[in-house]
Novice: 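Supplied in structure tokens, the structure appears directly below.
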Amino acid sequence: MIKVDHLHKQFVSNGISINALNDVSLEIQEGEIFGIIGRSGAGKSTLIRTFNLLERPDTGSISINQLDLLSLDTTALQQARQKIGMVFQHFNLLSSRTVEGNIRFPLELAGQLTDAEINARVTELLALVGLSAHRNAYPAQLSGGQKQRVGIARALANQPELLLCDEATSALDPETTESILQLLQDINQKLNLTIVLITHEMRVIRQICDRVAVLDKGSVVETGKVIDVFLFPAHEVTKSLLAETGLHLDPTLLRKKHLHDGLLLKLTFTGEAALNPVLDKLSREHQIHYNLFQGAISEIKGESFGQLIAGIKADHLSSAEILAVFAAHGVKTEVIQ
């Protein structure tokens with residue numbers, strides 16, 4: 001488990017102090033994929049780089065599996081870092097080394113394996129990331145996605161307990177991003193490896209993360225399970241990020257119009273409710289009439305969901321009774337009007 005408490009980090013530029021991190025506290029569970037999202041300048045890169053002390057916070061504490069990183073001397077910190085892999089946005093490969101040579105590099109630095117053991121480990125990693133046929137290629141001969149696969153294999157070389165991904169897909173096209181995210185998800189499942197990734201892309205969080213923290217101006221403004229944060233955002237920054245993806249329905253314009261004399265509801269369907277014709281069933285069984293104005297139906301890490309903004313009316317039911325009927329069928333409601 002990763003635990004950070006009350007992290008502060010300040011930079012001074014041209015005599016101006018900038019709070020890169022402001023009282024950040026997080027707990028990340030073993031084996032989960034945890035996403036950190038925010039706009040440029042939110043403090044994402046600074047935060048993730050404190051997890052291996054590439055950036056040392058001014059105050060606060062950082063522990064990984066109960067090991068207090070800030071208390072370690074230089075030698076102990078170097079040993080701890082061998083259990084923390086890191087994948088970078090721009091790959092950071094050694095151009096003079098082949099794919100094999102790049103993956104061998106951290107193993108050679110660690111100095112714990114024989115040459116035969118290193119060769120076996122490299123072969124294993126090449127198969128894991130799908131690059132067995134490119135063992136002797138140089139970075140200049142690889143595509144962006146292949147370079148990132150080398151970066152991932154290199155980060156996994158010393159069998160880390162934690163993998164940090166610093167905008168690992170930002171330099172890739174959408175199709176390649178999809179394949180890299182699938183690879184990270186496969187690695188997480190096969191190795192039970194804790195992965196922390198930062199990104200400014202909501203679709204990355206939505207596709208592979210279990211939980212997410214939203215960062216703004218160096219502070220965590222919202223955190224929780226991805227499906228909860230995406231479907232029920234509490235902070236304006238989160239709502240703004242989601243609005244750009246089309247996942248967050250904004251009823252502002254509808255609220256200004258007199259559409260009907262019933263309820264205007266935001267309906268959220270998850271689990272079985274997202275897969276069944278609930279509205280049709282309620283219309284028949286309870287004579288509930290509905291009119292749909294906005295909607296989104298999709299998946300978050302394989303879990304189906306639907307959100308609709310609908311006008312709801314039932315002559316024989318009160319507003320409270322209508323809400324109770326939806327609740328009984330596993331539908332969460334938010335009254336807009």
Novice: Does L53 share a hydrophobic cluster with F11, counting links as ILVMFWY side-chain heavy atoms below 4.5 Å and allowing steps through other members?
Specialist: no

Novice: Would you kindly confirm whether I198 and L184 end up in one hydrophobic cluster when ILVMFWY residues are joined by side chain heavy atoms under 4.5 Å apart?
Specialist: no

Novice: Spell out, yes or no, whether V122 and Y138 are grouped together once hydrophobic residues are joined by side-chain heavy atoms under 4.5 Å, including indirect joins.
Specialist: no

Novice: Write down the atom of I18, the atom of S13, and the distance for their closest heavy-atom approach.
Specialist: CD1-CB, 4.4 Å

Novice: Identify whether L197 and I64 are in the same connected component of the hydrophobic contact network (ILVMFWY, side-chain heavy atoms under 4.5 Å).
Specialist: no

Novice: Mind checking who shares a hydrophobic cluster with L94, ILVMFWY linked at side-chain heavy-atom distances under 4.5 Å?
Specialist: F105, L109

Novice: Check step by step if side chain to side chain contact (heavy atoms under 4.5 Å, CB included) holds for F230 and M202.
Specialist: CA-CA 9 Å; F230 272 46; M202 279 301 208; 3.6 Å; yes

Novice: Hey, is the main chain of L172 close enough, under 3.5 Å, to the side chain of T169 for a donor-acceptor pair?
Specialist: no

Novice: If you look at every heavy atom in A168 and C165, which pair is closest and at what distance?
Specialist: CB-CB, 3.9 Å

Novice: Is the shortest distance from a Lys or Arg side-chain nitrogen in K225 or D210 to a carboxylate oxygen in the other one below 4.0 Å?
Specialist: no

Novice: If we only count heavy atoms from C-beta on, is the S304 to T270 side-chain gap below 4.5 Å?
Specialist: no

Novice: Which value, rounded to the nearest 0.5 Å, describes the distance between I180 atom CD1 and K147 atom NZ?
Specialist: 13.0 Å

Novice: Same cluster or not: L163 versus F34, using hydrophobic residues (I, L, V, M, F, W, Y) connected whenever any side-chain heavy atoms lie under 4.5 Å apart?
Specialist: no

Novice: Can you find a pair of side-chain heavy atoms, one from L128 and one from L156, that are under 4.5 Å apart?
Specialist: yes

Novice: Short question: side chain of T194, backbone of G31 - any donor-acceptor pair under 3.5 Å?
Specialist: yes

Novice: For a side-chain contact (heavy atoms from CB on, under 4.5 Å) with R135, tell me which candidate from T98, L126, I103 qualifies.
Specialist: L126

Novice: For I118 versus R104, what's the shortest heavy-atom pair and its separation?
Specialist: CG2-NH1, 3.5 Å

Novice: Any sub-3.5 Å donor-acceptor pair from E285's side-chain atoms to L282's backbone N or O?
Specialist: no

Novice: For the side chain of D166 and the backbone of Q89, is there at least one donor-acceptor N/O pair under 3.5 Å apart?
Specialist: no

Novice: Just to verify, what does R81 make a side chain to side chain donor-acceptor pair (under 3.5 Å) with, not counting sequence neighbours?
Specialist: none

Novice: Please determine, by modelled atom types, if S283 and D280 share a side-chain donor-acceptor pair under 3.5 angstrom.
Specialist: no

Novice: Side chains of T46 and E55 only: does a donor on one sit below 3.5 Å from an acceptor on the other?
Specialist: no

Novice: Specify the closest pair of heavy atoms between K83 and Q159, including all atoms of both residues, with the distance to one decimal.
Specialist: NZ-O, 3.5 Å

Novice: Determine yes or no for a side-chain-to-main-chain donor-acceptor pair under 3.5 angstrom, with N19 supplying the side chain and N22 the backbone.
Specialist: no

Novice: Is a donor from one side chain sitting under 3.5 angstrom from an acceptor on the other, for D58 and H8?
Specialist: no

Novice: With rounding to the nearest 0.5 Å, note down the distance linking CD1 in I336 to CG in L264.
Specialist: 4.5 Å

Novice: After noting the C-alpha distance and the side-chain angles of I205 and E201, does the key distance pass the side chain to side chain contact (heavy atoms under 4.5 Å, CB included) rule?
Specialist: CA-CA 7 Å; I205 301 293; E201 300 175 280; over 6 Å; no

Novice: OG/S170 to NE2/H90 distance, rounded to the nearest 0.5 angstrom?
Specialist: 8.0 Å

Novice: Between A213 and V220, which heavy-atom pair has the shortest distance, and what is it?
Specialist: CB-CG1, 4.3 Å

Novice: State whether the side chain of T223 and the backbone N or O of V212 hold a donor-acceptor pair below 3.5 Å, judged by distance alone.
Specialist: yes

Novice: Should E108 and R97 count as an ion pair when the cut-off is N to O under 4.0 Å?
Specialist: yes

Novice: Sub-3.5 Å donor-acceptor pair from the side chain of E303 to the main-chain atoms of I227, do we have one?
Specialist: no

Novice: Please, which pairs that meet side chain to side chain donor-acceptor pair (under 3.5 Å) have at least one residue in residues 63-79, sequence neighbours excluded?
Specialist: N65-E161

Novice: Of D115, L113, N119, which meets side-chain contact (heavy atoms from CB on, under 4.5 Å) against E117?
Specialist: L113

Novice: Is there side-chain contact between L267 and I309, with heavy atoms separated by less than 4.5 Å?
Specialist: no

Novice: With distance as the sole criterion, is a donor-acceptor pair present between the side chains of Q207 and E178 under 3.5 Å?
Specialist: yes

Novice: Is the closest side-chain heavy-atom distance between D23 and S219 below 4.5 Å?
Specialist: no

Novice: Would you say V214 and H235 make side-chain contact, with heavy atoms under 4.5 Å?
Specialist: no

Novice: Output the distance between atom OG1 (T50) and atom CG (L164), rounded to the nearest 0.5 Å.
Specialist: 9.0 Å

Novice: NZ of K332: more than 12 outside heavy atoms within 6.0 angstrom?
Specialist: no

Novice: Among N276, L279, L231, find the one that has a side-chain contact (heavy atoms from CB on, under 4.5 Å) with F269.
Specialist: L279

Novice: With rounding to the nearest 0.5 angstrom, report the CD1 to CD1 distance, I28 to I2.
Specialist: 4.0 Å

Novice: Can you confirm whether K217 is buried at NZ, in the sense that more than 12 heavy atoms of other residues, nucleotides or ligands lie under 6.0 Å from that atom?
Specialist: no

Novice: Take R39 and S240, measure what side chain to side chain contact (heavy atoms under 4.5 Å, CB included) needs, and give me the verdict at the end.
Specialist: CA-CA 10 Å; R39 300 194 184 280; S240 175; 2.8 Å; yes

Novice: State, yes or no, whether a side-chain contact exists between I187 and K190 at a heavy-atom distance under 4.5 Å.
Specialist: no

Novice: Quick one: do F305 and I300 satisfy side chain to side chain contact (heavy atoms under 4.5 Å, CB included)? Show the steps, please.
Specialist: CA-CA 7 Å; F305 76 90; I300 294 176; 3.6 Å; yes

Novice: Kindly compute the distance separating CZ (R56) from CZ (R49), expressed to the nearest 0.5 Å.
Specialist: 13.5 Å

Novice: If we count only N and O atoms by modelled type, under 3.5 Å, do the side chains of Q307 and T268 hold a donor and an acceptor together?
Specialist: yes

Novice: Output yes when a side-chain donor or acceptor of E32 lies under 3.5 Å from a complementary backbone atom of Q29, and no otherwise.
Specialist: yes

Novice: Would you mind reporting whether N192 and E30 have side-chain heavy atoms less than 4.5 Å apart?
Specialist: yes

Novice: Where is the tightest heavy-atom contact between K301 and Q185, given as atom of each residue plus distance?
Specialist: CE-NE2, 3.5 Å

Novice: Just by modelled atom types, is the H6 backbone N or O under 3.5 Å from a matching donor or acceptor in the S25 side chain?
Specialist: yes

Novice: Just wondering, do D186 and Q182 contact through their side chains at under 4.5 Å, heavy atoms?
Specialist: yes

Novice: Treating N158 as the side-chain partner and P160 as the backbone partner, does any N or O pair qualify as donor plus acceptor under 3.5 Å?
Specialist: no

